[in-house]
Amino acid sequence: MSSVKPEDHFKNIISHCKEYGYIFPSSEIYDGMSAVYDYGQNGAELKKNIREYWWKSMVQMHENIVGIDAAIFMHPTTWKASGHVDAFNDPLIDNKDSKKRYRADVLIEEHVAKIEDKINKEVEKAAKRFENFDVAMFRSTNARVLEYQKKIEEINARFKNAMEANDLAEVRQIIVDCEIVDPISGTRNWTDVRQFNLMFSTQLGSVSEEASTVYLRPETAQGIFVNYLNVQKTGRMKIPFGIAQTGKAFRNEIVARQFIFRMREFEQMEMQFFVRPGTEMEWYEYWKKARLNWHLVLGLGADKYRYHDHIKLAHYANAACDIEHQFPFGFKELEGIHSRTDFDLKQHEQYSGKKLQYFDPELNQSYVPYVVETSVGLDRLFLSVMSSAYKEEVLEGGDTRVVLGLPPALAPFKAAIFPLIKKDGLPELAEKIMTDLKFDHMVTYDEKDTVGKRYRRQDAIGTPYCITVDHQSLEDQTVTIRHRDSMEQERVAISQLNSILTAKTSLKSLLSQL
RNA sequence: GCGGAAGUAGCUCAAUUGGUAGAGCUCCAGCCUUCCAAGCUGGAGGUUGCGGGUUCGAGACCCGUCUUCCGCUCCA
């Protein structure tokens with residue numbers, strides 16, 4: 001480990017990503033876009049390799065999982081059914097003194113809860129005072145309780161009307177009228193209520209009068225749910241089975257930061273596993289384990305991963321956990337495993353009017369399947385790999401090197417091929433080796449500068465092997481192959497290079513450990 | 001969104017109280033021929049994030065704006 005401070009460590013990783021063609025700020029010549037990044041020549045390769053590792057581990061390695069590629073545009077009703085139109089619309093309000101931001105609806109709900117507490121206290125007090133206490137009678141007759149109850153109903157009705165009418169000024173007025181104070185500053189110095197719609201919307205249709213509002217999908221999962229029956233029927237899928245998908249999703253985050261950790265445009269890799277109701281917890285446990293193992297096989301360090309079980313569950317889930325990874329800025333969510341019950345399919349049944357059931361021949365009955373979801377952010381995964389792989393080493397003799405210890409199967413280039421010197425026919429032989437290997441492997445060629453410099457350049461982009469052609473190569477058709485991590489060399493026959501690279505750098509080397 | 005810090009070459013950073021924008025590394029073309037970044041010669045690369053203002057003169061001072069980092073907040 002280096003002695004670099006954590007915040008510098010993260011900065012260095014970001015700089016390294018830019019300097020070596022992994023990640024650039026988007027539209028940088030126009031000053032960039034907040035929280036939008038572009039993948040460069042090496043980043044695109046690494047990202048593609050991670051995606052492929054995921055896809056093959058899901059689709060190719062499981063006979064009962066198939067992949068789809070749904071459109072980003074979906075029928076607007078999809079998002080009503082999924083709950084995103086409502087749940088993704090948060091009215092927010094700031095307190096000008098404490099500078100804290102709150103969800104306006106939460107403030108009002110908490111205020112209502114406080115009044116309910118008061119009712120309960122009245123009931124408790126009365127219960128102590130009277131024998132043969134009739135709670136229901138007390139609640140329906142006590143003047144003070146009735147007054148509280150009336151207040152609650154008034155507030156709830158006002159709030160409901162305000163939200164339905166999208167009247168944000170009225171929402172603020174409710175907060176003012178209820179004399180709600182900021183718990184921190186204790187003041188009522190509120191800003192206006194503002195609506196943050198976390199879904200991006202756009203217009204479909206070229207003529208504005210005929211155009212309708214569509215959303216850029218905030219998750220890929222719904223593309224799977226709306227196609228669940230198509231895939232089940234045409235693929236003759238038998239429960240339990242899964243549908244996998246990778247693709248872009250979009251969220252208009254209020255605050256999007258920490259490099260590519262939270263972006264407004266990002267790529268998800270999701271798999272929805274359809275199971276018989278009642279068996280979902282077994283499958284939830286199965287995928288929880290399987291997914292952690294998938295991460296561990298990357299070899300970036302077992303201590304960098306941990307589970308985080310959700311206590312507060314989303315509206316659709318009956319169990320949920322995250323796999324967290326230790327990023328330079330702490331343990332953060334990398335992947336989510338959720339038992340989503342039959343919520344989504346039931347919702348789509350209701351909104352579409354189509355039956356989304358499965359006939360189970362073993363049970364001889366039809367049902368809406370339960371769903372266990374695994375959902376991982378590809379960009380986060382990229383950052384987890386990059387930040388774990390980045391090392392600043394101090395070598396014997398005091399000089400330093402920056403090396404990306406990428407898993408060889410994920411590295412953009414599997415090998416670099418060098419002539420030791422740029423004459424005596426060495427470049428010609430090196431280029432011939434290159435030409436032979438490139439049908440099967442991503443390889444690169446370099447003849448500039450001393451060979452030591454070239455090794456370091458490859459270390460910096462994470463190339464696991466460097467193949468050097470020297471004078472001996474011309475005589476006995478052997479070359480040296482130099483290992484990135486140990487910097488050790490061995491001499492091998494040119495004819496063996498292809499199979500060596502296949503054995504060490506193909507995805508099979510990872511998939512076979514699952 | 002609020003508070004703090006910052007923005008000068010591809011990267012890391014200089015530039016005295018306001019007085020001609022520089023260095024190292026990288027990169028490119030050669031020379032040299034050596035298995036772990038360090039030899040030699042030459043070269044490219046900047047309206048100092050952007051826009052105003054003060055001044056004889058602004059990289060520096062003032063205002064606005066954009067972007068990034070840290071903290072708060074948010075994350076179905």
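Below, read A as the first sequence line, B as the second, and so on, with proteins coming before strands; counting in each chain starts at 1.
The nearest whole Å value for the distance from the CZ atom in A:F24 to the C1' atom in B:U68 is 17 Å. Between A:N252 atom CG and B:G1 atom C1' the separation is 13 Å, expressed in whole Å. For the pair A:F261 CZ and B:C74 P, the computed distance is 16 Å after rounding to whole Å. If you take CD of A:Q258 and C1' of B:C69, they are 10 Å apart, rounded to a whole angstrom. Put simply, CG on A:D38 is 16 Å from C1' on B:U68, counting in whole angstrom units. A:H16 has its NE2 atom 15 Å from the P atom of B:U26, to the nearest Å. In this structure, the NZ atom of A:K448 is 13 Å from the C1' atom of B:A37, given to the nearest Å.
Using a 30° and 60° split on the angle between ring planes, A:F327 and A:F261 fall in the perpendicular class, above 60°. The aromatic rings of A:F273 and A:W287 sit perpendicular to each other, their planes meeting at more than 60°, with 30° as the lower class boundary.
One N or O donor and one acceptor, one from the side chain of A:R482 and one from the base of B:C36, sit under 3.5 Å apart.
If you check residues 414-424 of chain A against RNA chain B, the residues with a heavy atom closer than 4.0 Å are A:L420, A:I421, A:K423, listed by number. Heavy-atom distances under 4.0 Å link RNA chain B to A:V451, A:G452, A:K453, A:Y455, A:R456, A:R457 of residues 451-461 of chain A, given in residue order.
Checking B:C36, B:C35, B:A76 against the side-chain heavy atoms of A:M487 singles out B:C36 as nearest. Residue A:R251 has its side chain nearest to B:A76 when only B:C35, B:C27, B:A76 are considered.
For the pair A:K248 and A:E267, the salt-bridge criterion is not met [side-chain N within less than 4.0 Å of a carboxylate O]. Using a 4.0 Å cut-off between a side-chain N of Lys or Arg and a carboxylate O of Asp or Glu, A:E428 and A:K422 do not qualify as a salt bridge. Checked for salt-bridge contact, A:R484 and A:D459 miss the test: no charged N lies under 4.0 Å from a carboxylate O. Note on A:K453 versus A:D446: no salt bridge recorded, every NZ/NE/NH1/NH2 to OD/OE distance being 4.0 Å or above.
Distances shorter than 4.0 Å separate none of the side-chain N or O atoms of A:S82 from OP1 or OP2 on B:A76. OP1 or OP2 of B:C11 has at least one side-chain nitrogen or oxygen of A:K18 nearer than 4.0 Å. An OP1 or OP2 oxygen of B:A38 is reached within less than 4.0 angstrom by a side-chain nitrogen or oxygen of A:T450. Between B:U68 and A:S34, a contact under 4.0 Å exists linking OP1 or OP2 to a side-chain N or O.
Contacts of A:F329 with the nucleic acid, taken as non-hydrogen atoms under 4.0 Å apart, are absent. A:S15 comes within 4.0 angstrom of the backbone, heavy atoms only, and of no base. Using a 4.0 Å heavy-atom cutoff across all strands shown, A:Q489 reaches at least one base atom of the nucleic acid. Among the atoms of the strands shown, only primed sugar atoms or phosphate atoms (P, OP1, OP2) are found under 4.0 Å from some heavy atom of A:A35.
In a base pair of the Watson-Crick type (N1 to N3 plus N6-O4 or O6-N4) or a G-U wobble (N1-O2 and O6-N3), with each distance short of 3.5 Å, B:U48 is matched with no nucleotide. For B:C27, the paired base is B:G43 (Watson-Crick or G-U wobble, both distances below 3.5 Å). Across all strands shown, nothing is found opposite B:A58 as a Watson-Crick or G-U wobble partner with both distances under 3.5 Å. B:C72 and B:G1 make up a base pair, with Watson-Crick or G-U wobble contacts both under 3.5 Å. Base-pair partner of B:U16: not found among the strands shown (Watson-Crick or G-U wobble, both distances under 3.5 Å). With both pairing distances under 3.5 Å, B:C36 is matched to nothing as a Watson-Crick or G-U wobble pair. The partner of B:G7 is B:C66, judged by Watson-Crick or G-U wobble contacts that both fall below 3.5 Å.
Annotation: A:H325 is not in aromatic contact with A:H295 [ring centroid separation under 6.0 Å not met]. Aromatic ring centres of A:H16 and A:Y22 lie farther apart than the 6.0 Å criterion allows.
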Output, in order, the C-alpha distance, side-chain angles, deciding distance and verdict of ring pair (Phe, Tyr, Trp, His ring centres under 6.0 Å) for A:Y215 and A:F200.
CA-CA 6 Å; A:Y215 298 103; A:F200 289 98; over 10 Å; no
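Note that the NZ atom of A:K414 and the OG1 atom of A:T463 stand 9.5 Å from one another [nearest 0.5 Å].
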I'd like a list of close polar pairs between nucleotides 5-9 of chain B and the protein, N/O only, cut-off under 3.5 Å.
none

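Open room surrounds CZ on A:F73; 12 or fewer heavy atoms of other groups in view lie less than 6.0 Å from it.
Nearest heavy atoms, A:F382 versus A:G43: CE1-O, 3.4 Å. Here the closest non-hydrogen pair linking A:S375 and A:E373 is CB-OE2, 3.8 Å.
At a cut-off of 3.5 Å, with distance as the only test, a side-chain donor of A:H483 or A:E490 sits close to an acceptor on the other residue.
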